[in-house]
Amino acid sequence: LIPLHESLGRFLQGDRKAFSSSQFYDPAIGSYDDQKRQNLQFDDAFESATRATALNPNEPSSRHNLAIIQSQLGQPLE
């Protein structure tokens, strides 16, 4: 827990990248994996796009990617 505690302390002091160098940071979380859509893995792509949109709902590209997948799955657009 010491690395987490130290990273949290740096973050609270204004270091916005405190967690990027720690082992607790995974850059894939909340990012959309378009490779799944290109490989026709639409269910996995939908899950990836939904997660990315939920974590950052104001990002236009997240909503756009989700709409593309929904249309390919024949789902109504939200």
Side-chain angles (χ1 to χ4, degrees):
L1 289 176
I2 298 299
L4 176 62
H5 178 74
E6 290 173 356
S7 295
L8 182 59
R10 289 194 321 264
F11 179 78
L12 292 175
Q13 292 176 358
D15 182 4
R16 297 285 181 205
K17 297 183 179 182
F19 291 101
S20 64
S21 61
S22 74
Q23 60 187 349
F24 303 105
Y25 178 76
D26 183 3
I29 294 175
S31 64
Y32 171 66
D33 184 7
D34 192 53
Q35 192 67 33
K36 294 185 186 295
R37 183 185 62 81
Q38 292 176 3
N39 291 338
L40 306 178
Q41 298 171 326
F42 294 120
D43 289 335
D44 292 340
F46 178 76
E47 182 180 325
S48 176
T50 301
R51 189 176 323 120
T53 303
L55 291 173
N56 195 357
N58 295 325
E59 175 63 38
S61 64
S62 295
R63 291 176 173 258
H64 177 73
N65 292 329
L66 184 57
I68 289 172
I69 305 267
Q70 285 178 308
S71 68
Q72 290 174 329
L73 289 172
Q75 296 178 352
L77 301 178
E78 296 176 5

*Only counting residues at least two apart or in another chain, list the ones meeting salt bridge (charged side-chain N to carboxylate O under 4.0 Å, His left out) with D15.*
R10
_To the nearest 0.5 Å, what is the distance between NE2 on H64 and OG1 on T53?_
11.5 Å
*With sequence neighbours excluded, residues passing salt bridge (charged side-chain N to carboxylate O under 4.0 Å, His left out) with E47*: R51
*L73: side chain to side chain contact (heavy atoms under 4.5 Å, CB included) partners, not counting sequence neighbours*: F42, D43, F46, I69, Q75
*Where do S62 and A52 come nearest, in terms of heavy atoms and distance?*
OG-O, 3.9 Å
*Say you draw a straight line from OG of S61 to CG of D34; how long is it, rounded to the nearest 0.5 Å?*
11.0 Å
*Say you draw a straight line from CD of Q70 to OG1 of T50; how long is it, rounded to the nearest 0.5 Å?*
7.0 Å
_Looking at every heavy atom in both A54 and P57, which two are closest together, and how far apart are they?_
O-CD, 3.7 Å
